[in-house]
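Worksheet: one structure, shown below.
Here the structure is a predicted model, which is why all the values come from computation and not from measurement. A note on names: the letters A, B, ... follow the listed sequences, proteins ahead of strands, and every chain is numbered from 1.
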Amino acid sequence: MKLSTEYSPVEVEDKWYAHWEAKGYFHSEPDEREAFSVVIPPPNVTGMLHMGHMLNNTIQDILIRKAKLDGKNACWVPGTDHASIATEAKVVRMLREQGIKKSDLTREGFLEHAWEWKEKYGGIILQQLRKLGASCDWDRTAFTMDEERSKAVMQVFVDLYNKGKLYRGLRMVNWDPEAKTVLSNEEVLYKDEQSHIYHVRYQIEGSEDFVTIATTRPETILGDSAIAVHPDDSRYTFLHGKRAIVPLVNRSIPIIFDEYVEREFGTGALKVTPAHDVNDYEIGKRHELEVIEVLNDDGTINENGGLAHYVGKSRFKVRTEIVKELESSGNLVEIKPYAHNVGRSERTNAVVEPKLSLQWYVDMKSLAEPALEAVMTDEVEFFPKNQKNVYKHWMENIRDWCISRQLWWGHQIPAWYYEDEVFVATTAEEALYQARAKTGNHELEISDLRQDEDVLDTWFSSWLWPMSVFDEFSTKEEIDYYYPTSVLVTGWDIIFLWVARMIMAGYEWKHERPFKHVYFTGMVRDQKRRKMSKQLGNSPDALELISQFGADGVRYGMLSSSPAGGDLLFDEKLVDQGKKFCNKLWNALRMFKNLEIDDSLETPIENKLAIEWFEQKKSAILNDLASNFDQYRLSEALVSLYSFVWTDFCSWYLEMVKPDYEKPIDSYTYEKSMDLFEDLCLMLHPFMPFITEEIWHKLKDRKEGEDCMNGSWPKATSYDKEIIAKVEKAKDVISRVREIRNKNGIKKNEPLSVLVEESKGAQDLLAVNGVKEILIKLAVLSGIEWVSGEPEKSVGFLSGTEKYYVEIEQEIDVEAEKEKLEKDLAHAEGFVNSVEKKLSNERFVNNAPEAVVAMEHKKLADGKERVRIIKASLEKL
RNA sequence: GGGAGAUUAGCUCAGUUGGUUUAGAGCACCUGCCUUACAAGCAGGGGGUCACUGGUUCGAGUCCAGUAUUUCCCA
C-alpha cells in the first residue's frame with residue numbers, strides 16, 4: 001500500500017459522508033434499543049454556517065456518534081426555523097431590488113414570494129452542516145412553518161386560550177420602527193451610548209416663573225402631559241396646584257407630585273410623556289394623565305403633537321430641529337453630553353421605541369412553576385451547573401410573554417374578530433361556528449369575520465420543537481420512543497428565549513421534561529474576546545476553514561479549547577493543530593503499512609511488554625473517557641485522546657515495536673498493533689469521524705458494512721496500574737539518558753553503556769520482562785550492568801529513588817554537575833522537611849486517614865533516599 | 001442600582017469529595033537534530049510565593065469572609 005506522506009482531507013471527507021448517507025447510517029426508526037435523541041437548535045432559515053454553529057453542531061455530532069458506538073439508537077433531528085423578522089426583512093429587501101414594494105402586495109402575494117425565497121435559499125445551512133460531518137437524520141428534516149409544526153402551534157395557541165393562559169392586553173411594548181413590529185425584551189440589546197441631555201424650561205401658567213426639566217428626548221415634548229416633581233422636594237413646593245405651558249406647543253399641563261422622581265437626577269423635575277416611556281406610562285396611570293401618541297409606527301412624528309411642520313419627519317430629525325427651535329424661543333437652558341443606555345433591535349439595530357399597543361400575551365406564571373422546579377431539582381440537568389442561578393432568577397421574575405408580531409411571514413394568529421367579540425380556534429370554520437353560536441346569527445359567513453393580522457413570535461413555534469418534530473410521522477410510537485430527548489446543546493445566550501420556554505412547553509403539554517440534559521456551549525470569540533459577528537467582520541468563513549484544514553481539523557480546533565459554558569477564543573492555530581493531528585495519525589498508519597510482515601519471526605520480548613502496557617493504558621484512558629463523557633467534559637476527553645495518540649501511541653509504543661531499518665515485523669506484533677490502532681479509531685471517531693473512517697478501512701480488509709461509524713466502543717476493563725507504573729519508570733530512565741546525550745553532544749545512535757546501582761527499586765523494575773530490552777532499544781544502549789558505588793568517567797542521574805550512571809568519553813564539567821546536584825539537593829531536602837513537618841504533627845498522624853499517613857511515610861522514605869544518593873554523588877565530586 | 005461568575009506559567013485553560021512524591025496541558029520560548037512513519041516532524045529544556053489579606057482545618061490552588069481587578073446577566 002503506497003500512501004502519501006501528507007494526509008489530504010478533501011477527497012476523503014466527501015467520500016465517506018456519501019458512503020454513510022448511502023448506507024442509511026444517519027436514519028433512525030424506533031426499535032428495541034435504548035433511544036438517544038437530540039433535536040438540533042433550529043438555525044434561522046436565512047442562516048449561513050458560522051463559528052457558533054460549528055461549535056454547537058460538532059458537539060451534537062460527537063454525542064450522537066458516541067451514542068451510536070455505544071449501541072444506542074441515536075436520532076438527531078435537523079431543521080430550521082422560519083425567523084419571522086429576519087426572513088421578512090430579507091424578502092422585503094429582495095422585492096425592493098426588483099422594484100416591488102411590500103405595500104403594493106396582498107398578504108397572499110407577499111407570502112408567495114416569501115415561500116419562493118425559502119425554497120430557493122432556505123436550508124443552505126443544512127447543506128453546509130454535511131461538510132462538517134453532521135450525522136443528522138435528514139429524512140426527518142423539519143421546518144417550523146411546515147404543516148405538522150404549524151398544526152401544533154395552532155393547537156397550542158387555542159389550548160392556552162381555553163385554559164385562560166392567553167390574553168390580549170394594552171401594554172407598553174418594545175417597538176422596532178424599522179421592522180414595524182413589536183419585539184420581546186430578549187430581542188432588545190441595551191448599550192451605553194453617548195448622547196446629550198437637554199435642560200428645557202417650561203413657563204408656569206399665569207406667571208413669569210419657569211420650571212426646568214432634563215430630558216434626553218426633546219422631540220417627545222410634543223406628547224407631554226405633565227411635569228412631575230418629588231413631593232418632598234422643597235425647591236418645588238411653590239408649584240403646588242400650578243400648571244405649566246409646554247414650550248412651542250403652548251399646551252397647558254398639570255404639575256404633579258410623585259415619589260418616582262429622583263431629586264438628584266437632572267433638575268429634579270421630570271416631564272411626563274405617558275405614550276412614549278414605560279415609567280411615564282405608569283405615572284400617567286397613577287395621575288390619570290392624558291396619553292398623547294406623537295409617533296407613527298415608522299418612527300415619524302404625527303399630527304397629534306400639534307406642530308404641523310414636524311409631521312412626517314423622523315424622530316431624530318425632529319430632535320435636531322426642535323432643539324434649534326427651543327433655543328430660538330429661549331426655552332433651551334443648556335445641553336450636556338450624556339451617556340445612557342439605549343435599546344436597539346437585535347435584528348434591525350433600530351433604536352427601540354416604547355409604544356402603547358394591543359398585543360397577545362402568554363400568562364407565564366403558571367407555566368414557569370413546574371419548569372423552575374424541574375431545573376432546581378436537576379430533573380432537567382444543566383451543564384455547567386452555574387446556569388441554574390441565571391435560570392432561577394429569570395423564572396422567579398418572569399413577565400408575560402408578548403407573542404404578537406406585526407409581520408406577515410409566520411403563523412397568523414388564529415383569532416377572529418366579529419364586532420366586539422374574539423373567537424379563537426384552529427381553523428376559520430371553527431371560529432365561524434363559535435361566532436354563530438355566540439351571536440345566534442346563523443347567517444354569519446367567514447367573510448364577516450376578521451382574522452387577527454399579526455403573526456406569532458417565532459419562538460412560539462420553536463418552544464414546541466422537541467415535541468413537534470416527532471409528530472411528523474403522526475403515530476404515537478414516534479414521540480413515545482424519542483421523547484423526552486436525551487440532551488439539548490445550545491448557547492447560554494438563548495436560555496430565556498428558547499430553553500426555558502421549551503421546558504415550560506414540555507411540562508404544559510407532555511407533562512414531562514423535554515430533555516434530560518442541557519449542555520450550554522460558550523460563545524465563540526476572537527482573540528480580543530469580542531463576540532464574532534458579521535458587523536465586526538471578525539469571523540472566519542466556516543466553509544473556507546473546512547476546505548483549508550479539513551472538517552476533522554476544524555472539529556478538533558473548535559472543541560479542544562472549549563469547556564462547557566466557557567468561551568472559546570478562536571484561533572486558527574487551534575484548527576491547524578487539528579490538521580497536524582490528522583497528519584500524525586496518518587503517518588502512524590504509514591509506518592505500519594510500509595512494513596514487511598514475516599510470519600516466521602519470534603515476537604521480541606520488548607514488543608510483548610509494549611503491547612501489554614498499551615492495552616492497560618488504553619483501559620485507563622477508556623475509564624477517563626467514560627467519566628468525561630458523563631459530565632460532558634468533551635474538550636478534556638479530546639485532550640486525553642490527543643496525548644494518548646500522540647505521546648503514548650506514536651512517541652512510545654511505535655518506537656518500542658518498530659523493527660530496525662528495513663527489517664520485517666513479526667506477525668503477532670503487527671496484528672496486535674492493528675487491533676490497537678482500530679480501537680484508537682473508534683475512540684477518536686466521534687471527534688474526528690472522517691480520518692478515523694479512512695484509516696479504519698486501511699488497517700484491515702473490511703466486509704461490506706463493516707465501518708468505523710458502525711462499530712462498537714471499546715470496552716473499558718479494570719487495568720493493571722503496576723505495569724503502567726513500571727513502564728513509566730522505564731520511560732523516565734530513557735528520557736534521562738537522552739538528556740545526558742543532549743547535554744554532552746553525544747549522537748543519538750551512538751550506543752552507551754549504563755550502570756545501575758543495586759537497589760530494591762531497580763531490581764523490581766528490571767525484573768519485569770522486556771524492560772531491559774526496551775531501555776536498550778529506546779535509549780540506544782550497549783548494555784545495562786549492576787554496579788555498587790560511583791564508577792569513573794560517568795555521569796549519574798536519579799530516577800525516582802534509583803541511581804544510574806552513563807559512561808561517557810567526554811570531559812565532565814564538574815562545576816556544572818555540582819551546581820545541578822546542589823539544586824536537586826535543595827529541592828529534595830525541602831521536600832523531606834515539608835513531609836517531616838507533617839508527620840511530626842501529632843494531630844495529623846492521629847486524625848488523617850491511615851492511607852494518607854502511610855503515603856506520607858513512603859514519601860518521607862523516598863525523599864530521604866534521594867537526599868542520601870545526591871549527597872553521595874556530591875561527595876564524589 | 002441588583003445579581004452571578006472569574007482571577008493558576010508570556011497566552012488560552014485543566015486541576016473532579018480538601019490529602020496521590022512541594023501544581024498539569026496546549027501554544028509560545030530556548031537548545032540540539034532534515035535519524036527511512038511524520039520538519040504539518042524528533043529529542044531535550046527553562047518558566048508558577050495558584051490576585052491580595054485574614055479565617056476554618058492535622059492539612060487549603062480547592063472551604064469561609066473581606067479587598068482589588070475583571071467579565072457577564074438583569075434593571
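Closest contact between the side chain of A/Lys748 and the listed nucleotides B/A37, B/U35, B/A43 involves B/U35. The side chain of A/Glu655 sits closest to B/A37 out of B/G32, B/C58, B/A37. Of the candidates B/A37, B/U36, B/C73, the closest approach to any side-chain atom of A/Tyr661 belongs to B/U36. Side chain of A/Asn587, nearest nucleotide from B/C58, B/A43, B/A37: B/A37. Ranking B/A40, B/C42, B/C58 by closeness to the A/Lys584 side chain, first place goes to B/C42. Here the side chain of A/Arg633 is nearest to one of B/G44, B/A37, B/U16, namely B/U16. Closest to the A/Leu569 side chain, of the nucleotides B/C13, B/C72, B/A37, is B/C13. Checking B/G45, B/G15, B/A37 against every side-chain atom of A/Glu739, the shortest atom distance belongs to B/G45. Between B/A43, B/A14, B/A37, one nucleotide has an atom nearer to the side chain of A/Ser651 than all others, and that is B/A43.
We find that CD of A/Glu6 is positioned 10 Å from C1' of B/C38, with the value rounded to whole Å. Taking atom NE2 of A/His393 as the reference point, atom C1' of B/G3 lies 6 Å away to the nearest angstrom. At whole-Å resolution of the value, CH2 in A/Trp652 and P in B/A37 are 17 Å apart. With rounding to whole Å, A/Leu654 atom CG is found 10 Å from B/A37 atom P. In this structure, CG of A/Asn742 is placed 12 Å from C1' of B/C30, rounded to the nearest angstrom. Summarising the geometry, the separation between CG on A/Leu641 and C1' on B/G26 is reported as 15 Å, rounded to the nearest angstrom. Here the C1' atom of nucleotide B/C34 and the NZ atom of A/Lys747 are 14 Å apart, to the nearest Å. A/Glu662 has its CD atom 14 Å from the C1' atom of B/U35, to the nearest Å.
Between A/Glu6 and A/Lys579 there is no salt bridge, since no side-chain N of the basic residue sits under 4.0 Å from a carboxylate O of the acidic one. Classification of A/Lys820 and A/Glu817 as a salt-bridged pair fails, no side-chain N sitting under 4.0 Å from a carboxylate O. Taking a cutoff of 4.0 Å between a charged side-chain nitrogen and a carboxylate oxygen, A/Asp624 and A/Arg633 do not qualify as a salt bridge. The pair A/Arg217-A/Glu353 meets the salt-bridge criterion, with a side-chain N (NZ, NE, NH1 or NH2) lying under 4.0 Å from an Asp/Glu carboxylate O.
Within the shown strands, nothing qualifies as a pairing partner of B/U16 under the Watson-Crick or G-U definition with both distances less than 3.5 Å. Under the Watson-Crick and G-U wobble criteria, each requiring two contacts below 3.5 Å, nucleotide B/U21 is left unpaired. Pairing for B/C63 goes to B/G55, judged as Watson-Crick or G-U wobble with the two contacts each under 3.5 Å. The partner of B/U69 is B/A6, by the rule that a Watson-Crick or G-U pair needs both atom distances under 3.5 Å. B/A40: no Watson-Crick or G-U partner with both key distances under 3.5 Å is found in any strand.
Taking atom C1' in both B/U22 and B/C50, one finds a spacing of 13 Å when rounded to whole Å. Comparing the same atom, P, in B/U21 and in B/U36 gives a spacing of 39 Å after rounding to whole Å. Nucleotides B/U67 and B/G1, compared at atom P, are 15 Å apart to the nearest Å. The P atoms of B/A23 and B/C42 are separated by 27 Å, rounded to the nearest whole Å. Annotation: B/A14 and B/G48 have their C1' atoms spaced 15 Å apart (nearest Å). Nucleotides B/A25 and B/A9 have their C1' atoms positioned 11 Å apart, rounded to a whole Å. For the P atoms, the distance linking B/G19 with B/G61 amounts to 10 Å, nearest Å. Of the P atoms belonging to B/C33 and B/G47, the separation is 23 Å, rounded to the nearest Å.
Listed here is the closest heavy atom pair of A/Phe570 and A/Met558: CE1-SD, 4.1 Å. Residue A/Ala637 comes nearest to A/Phe687 through the heavy atom pair CB-CZ, 3.9 Å, listed as atom of the first residue, atom of the second, then distance. Taking each heavy atom of A/Met172 and A/Asp277 in turn, the nearest pair found is CE-O, 3.3 Å.
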Per-nt protein contacts along nucleotides 19-25 of chain B (heavy atom under 4.0 Å; B base, S backbone sugar-phosphate only, - none) come out as B-BB---
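Between A/Gln387 and A/Val518, every side-chain heavy-atom pair lies at or beyond the 4.5 Å cut-off.
Donor-acceptor pairing under 3.5 Å is recorded for the side chains of A/Tyr260 and A/Asn279.
Contact check, A/Arg399 against B/A75: a side-chain N or O comes under 4.0 Å of OP1 or OP2. Between A/Arg529 and B/A6, a side-chain N or O to OP1/OP2 separation shorter than 4.0 Å is absent. An OP1 or OP2 oxygen of B/U71 is reached within less than 4.0 angstrom by no side-chain nitrogen or oxygen of A/Trp492.
Here A/Ser735 lies in heavy-atom contact (under 4.0 Å) with sugar-phosphate atoms only. Among the atoms of the strands shown, base atoms are found under 4.0 Å from some heavy atom of A/Lys658. In this structure, A/Cys582 reaches neither bases nor backbone, as no heavy-atom distance under 4.0 Å exists between it and the strands shown. Nucleic acid contact for A/Arg525: none, since no nucleic acid atom lies under 4.0 Å from a heavy atom of the residue. Within the 4.0 angstrom heavy-atom criterion, base atoms lie near A/Lys579.
A cation-pi contact, defined as under 6.0 Å to the ring centre and within 45° of the axis, is absent between A/Arg590 and A/Tyr7.
Judged by closest nucleotide on RNA chain B, A/Glu636 is the one of A/Thr5 and A/Glu636 placed further toward the 5' end. Comparing A/Phe592 and A/Asn386 by the nucleotide of RNA chain B that holds the closest heavy atom to each, the one mapping nearer the 5' end is A/Asn386.
In the displayed structure, A/Lys385 atom NZ is contacted under 6.0 Å by more than 12 heavy atoms of other residues, nucleotides or ligands.
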